[in-house]
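To start, the structure under review is shown below, and the notes come after it.
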Amino acid sequence: MENKNFKTVGQPLRKKDAMALLLGKPAYLDDVTPRDCLVVKVLRSPYAHALIEEIDASVALKVPGMVAVYTYRDVPQKRFTMAGQTAPEPSPYDRLILDKRVRFVGDAVAILAGESEAAVNKAIKLVKVRYQVLEPVLDMHTAKDNPILVHPEENWRSLCPVGSDNKRNLCASETSGDGDVEAVLAGCDEVVEHTYRTQACQQAMMETFRTYTEMDPYGRLHVVSSTQIVFHLRRILANALDIPRSRIHVEKPRIGGGFGAKQTVVAEVYPALVTWKTGRPAKMIYTRQECQTAGSPRHEMEVRVRLGAMRDGSIRALDVYTLSNTGAYGEHGPTTVGLSGHKSIPLYTGGLEAYRFSYDVVYTNVQAAGAYRGYGATQGIFAVESAVNELAARLEMDPVELRKKNMVREGQTMPAYYNEVAGACALDRCMDRCAQLFDWEKKFPVREMGDGKVRAAGVAMAMQGSGISGVDVGSATVKLSDDGFYNLTIGAADMGTGCDTILAQMVAECMDCRLEDVAVFGADTDASPYDSGSYASSTTYVTGKAVEKACLELKEKICALAAGMLGCQPEQVEFAGRAVRRLDGKGEVSLAQIADRSMCGNGLALQATCSHSSPISPPPFMVGMVEIELDRETGSVRPLNYVAVVDCGTPINPNLARVQTEGGLVQGIGMALYEGVTYTPQGKILEDSFMQYKIPTRLDMGRLRVEFESSYEKTGPFGAKSIGEIVINTPAPALAHAIYRATGVWHRRLPITPEKILMGMEEK
């Protein structure tokens, strides 16, 4: 398919749901589910670590309108994980719906259900709880082998060999490598060794966590949830409630953003328990405060980098150790950490002679972490890219030239990326194009602007993956319907990413029809073919390939039925979009006629379902350059220009790829400069609203310029790789670099706030 001029793929077409959303039509969970249902809320722990000695809900239940209060005595005692991952999940089974031991400020103590929000709000204050307060483990540095155990329970279990040990507060631990790191480092002219710290970050999606549950006419639990993972959610709820999966039906409406947060089952178990116990419909909607304090934020990580190079800039060795804080529970703990090394070290495959990557993931008594766009690569790339920029400064070498000398190039094997080959890699072209668009040679020198203001620039590059190789499964059903239009049914979830549109574009391209001739449905566990879900940058690459395969199969079936109508053999006809015609030119039948024929006296179903799983995960690549203005009087930083050039293979829809990139850049800028999570000495989060937790607005991000440097990934649909996650990875190291250029101070701990900048300049 290479170099073909596509009709629909590669075109900047409008999202299928754009007008409905723009005009405020009902689309999201609270719009499309009944209002007359039980209101569910959770009473949360005020302590970071405690045992519930006594809990009395008798007074709370007397409030008019109250229906039920459930405590740890009312739930199954079988542990599970809330991580939306393919089974057997690498995340340990360390949760109960409600537990006698509470492990962070905000952990669930009791579930309340009532006829109105007012009744539940009143009752929640009347539940009497007596706690035995225990000493918490709040510092990730002291967690491993600490005598205080976050999970001392005997029924804790790990399903995969990830190096976990609950008796050591270890959620995961591993070391891997290639070559003799110590020997190569000993022979290097320069060794840069520093530790970089990234904070826990909130996804801050506009729609908070929310779920509606009811019993359907067949006695099954029907769950409508704002989730990225309908099939994993079904399994997780079955595990949590200890009921057969066949008794659960999950579907998702439009999702108001997820960014990974909704790859964890945060809210669903609470209304599900209420409905399962009472038989009544129930709904739970998280407040923003709950999202901030009991959600599933990015893992706080500390990454130690040792980088060895020669005076000419040849990078010979990389040694990376990551300490990751999973918090009170292990969701995504064992898996996010791997990306901090496996998605940063391979960027320097060029001349790398040896590498080592080791990590520990520890339990602590703070809010449990989860999945967030970038999924560990963001943290590791901040560290490794900062170390490379520090090397460039030490060698007095242009950081762009340093990267060109060492970067991975097409055709190279990447030992630190599971020995995959960079089959399609335009990273070198991304660097050249970005430098040209940004005007790097002119903007890299530091420029004094007067009034204490200074302008400076920084650079970083990044990689990610396209799905989880050998694990993720994407599926699609394509069906020909009356009048000759197509139905596409998927199990992937559109979170505003536009996957409904791009997958429909692929159908339109394969079946040679208009985009409006493809109706999309999903995701629903009863109706959709199995799909792992929307995470790990998998939808375009993995599910897209399934769409392509299903269309090819459907074409064959359409041609077979049409050949019968035309009185010839299938090999004597050709598919021509809106018709099938005989190769000898002696007749044709329209797609509408074929569709009608399929509905009368026919034994050949004109539909195809295909699944796809890839043995490899081709990385998208990206280069980002930022220009800032820094005020030396106040320490404030203003991003002026951000230029990003992305290699995501063939962009299926350049408009949607562009807005994905812009959104990721803004989230990355927020993580680098503004967003911080701080705890009181008792383990309570201070930033529990958007008043305290600062996310960037349109005024904070300067001018963004996004371009694509295409490569052709032959294993992807139409040459495509992923775009969803890579786009968040360059801002933090690029901004840290620019701030160093402006002040002479390296900041190795995010966020880089004006206070830290001023104090850094004073110390210097």
Side-chain angles (χ1 to χ4, degrees), residues 29-30 33-46 50-80 82 95-102 106-131 208-225 233 236-244 247-250 265-287 289-290 294:
L29 183 126
D30 205 26
T33 50
R35 305 237 163 225
D36 53 342
C37 55
L38 295 178
V39 173
V40 178
K41 287 186 185 267
V42 167
L43 174 67
R44 300 188 178 278
S45 168
L51 289 172
I52 298 169
E53 290 190 332
E54 203 179 303
I55 185 162
D56 179 8
S58 57
V59 181
L61 279 166
K62 287 180 180 150
V63 172
M66 278 305 294
V67 172
V69 178
Y70 300 110
T71 70
Y72 68 89
R73 297 186 194 96
D74 306 306
V75 301
Q77 295 302 303
K78 201 176 87 177
R79 296 204 176 259
F80 65 98
M82 288 186 181
R95 277 200 190 254
L96 299 175
I97 299 174
L98 295 169
D99 204 328
K100 187 173 184 177
R101 180 184 295 269
V102 287
D107 208 352
V109 171
I111 304 166
L112 291 86
E115 308 282 0
S116 70
E117 194 167 1
V120 180
N121 284 344
K122 189 173 178 188
I124 210 161
K125 296 176 186 141
L126 300 171
V127 179
K128 293 193 180 76
V129 190
R130 193 169 83 234
Y131 297 95
T208 61
F209 300 103
R210 53 196 58 199
T211 301
Y212 168 80
T213 53
E214 64 184 6
M215 299 304 292
D216 76 5
Y218 301 97
R220 296 168 77 216
L221 180 66
H222 177 209
V223 179
V224 186
S225 187
L233 173 51
I236 292 163
L237 284 179
N239 288 346
L241 296 168
D242 203 12
I243 61 175
R247 301 290 303 277
I248 301 172
H249 166 206
V250 179
V265 175
V266 174
E268 288 87 347
V269 293
Y270 306 118
L273 179 83
V274 169
T275 294
W276 191 250
K277 293 240 183 212
T278 64
R280 294 182 57 178
K283 191 186 287 187
M284 180 165 198
I285 293 181
Y286 265 45
T287 61
Q289 187 183 34
E290 285 178 299

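In this chain, residues are counted from 1 in sequence order.
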Quick one: does any side-chain atom of Arg247 pair with a main-chain N or O of Leu221 as donor and acceptor, under 3.5 Å?
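Not at all, since once roles are kept as given, no pair shorter than 3.5 Å links the two residues.
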Determine, step by step, whether Leu126 and Lys128 satisfy the side chain to side chain contact (heavy atoms under 4.5 Å, CB included) criterion, reporting the C-alpha distance in whole Å, the side-chain angles of both residues, the deciding distance to 0.1 Å, and the verdict.
CA-CA 6 Å; Leu126 300 171; Lys128 293 193 180 76; over 6 Å; no
Which donor-acceptor pairs under 3.5 Å do the side chains of residues 106-125 make with protein atoms, sequence neighbours left out?
| from | atom 1 | to | atom 2 | distance (Å) |
| --- | --- | --- | --- | --- |
| Asp107 | OD2 | Arg103 | N | 2.9 |
| Asp107 | OD2 | Tyr329 | OH | 2.7 |
| Glu115 | OE1 | Arg280 | NH2 | 2.9 |
| Glu115 | OE2 | Arg280 | NH1 | 3.1 |
| Glu115 | OE2 | Arg280 | NH2 | 3.1 |
| Ser116 | OG | Ala119 | N | 3.1 |
| Glu117 | OE2 | Lys41 | NZ | 3.1 |
| Asn121 | ND2 | Glu117 | O | 3.4 |

Between [atom1] on residue [X] and [atom2] on residue [Y], distance to nearest 0.5 Å:
{"X": "Ile248", "Y": "Ile243", "atom1": "CD1", "atom2": "CD1", "value": "4.0 Å"}
{"X": "Leu237", "Y": "Glu268", "atom1": "CG", "atom2": "CD", "value": "6.5 Å"}
{"X": "Met82", "Y": "Ile97", "atom1": "CE", "atom2": "CD1", "value": "7.5 Å"}
{"X": "Arg95", "Y": "Arg79", "atom1": "CZ", "atom2": "CZ", "value": "10.5 Å"}
{"X": "Thr33", "Y": "Ile285", "atom1": "OG1", "atom2": "CD1", "value": "7.0 Å"}
{"X": "Arg101", "Y": "Leu96", "atom1": "CZ", "atom2": "CG", "value": "11.5 Å"}

Would you say that Tyr212 contacts Pro281 through its side chain, given a criterion of any heavy-atom pair below 4.5 Å between the two side chains?
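Yes, at least one pair of side-chain atoms sits under 4.5 Å.
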Write down the atom of [X], the atom of [Y], and the distance for their closest heavy-atom approach.
{"X": "Ala294", "Y": "Arg44", "answer": "CB-NH1, 3.5 Å"}
{"X": "Val127", "Y": "Ala60", "answer": "CG2-CB, 3.8 Å"}
{"X": "Ala238", "Y": "Pro244", "answer": "CB-C, 4.3 Å"}
{"X": "Cys37", "Y": "Ala282", "answer": "CB-N, 4.0 Å"}
{"X": "Val266", "Y": "Tyr270", "answer": "O-CE1, 3.5 Å"}
{"X": "Val102", "Y": "Ser45", "answer": "CG2-OG, 3.4 Å"}

Could you walk me through whether Tyr131 and Leu51 satisfy the side chain to side chain contact (heavy atoms under 4.5 Å, CB included) test, starting with their C-alpha distance in whole Å, then the side-chain angles of each, then the deciding distance to 0.1 Å, before giving a yes or no?
CA-CA 6 Å; Tyr131 297 95; Leu51 289 172; over 6 Å; no
So Phe209 and Tyr286, would you call those rings parallel, tilted or perpendicular, with 30° and 60° as cut-offs?
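The rings of Phe209 and Tyr286 stand perpendicular, inter-plane angle above 60°.
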So among Thr275, Thr211, Asp30, which one has a side chain to side chain donor-acceptor pair (under 3.5 Å) with Lys283?
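By the side chain to side chain donor-acceptor pair (under 3.5 Å) criterion, Lys283 pairs with just one of Thr275, Thr211, Asp30: Asp30.
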Determine, stepwise, if the pair Met284 / Glu290 fulfils side chain to side chain contact (heavy atoms under 4.5 Å, CB included).
CA-CA 12 Å; Met284 180 165 198; Glu290 285 178 299; 4.2 Å; yes
Strictly by salt bridge (charged side-chain N to carboxylate O under 4.0 Å, His left out), give each pair with a member in residues 54-68 just once, sequence neighbours left out.
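For residues 54-68, and leaving out neighbouring residues, the salt bridge (charged side-chain N to carboxylate O under 4.0 Å, His left out) pairs sorted by first residue read Glu54-Arg130.
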When the side chains of residues 65-72 are checked against the rest of the protein, which donor-acceptor pairs come out under 3.5 Å, sequence neighbours left out?
| from | atom 1 | to | atom 2 | distance (Å) |
| --- | --- | --- | --- | --- |
| Thr71 | OG1 | Arg73 | N | 3.3 |

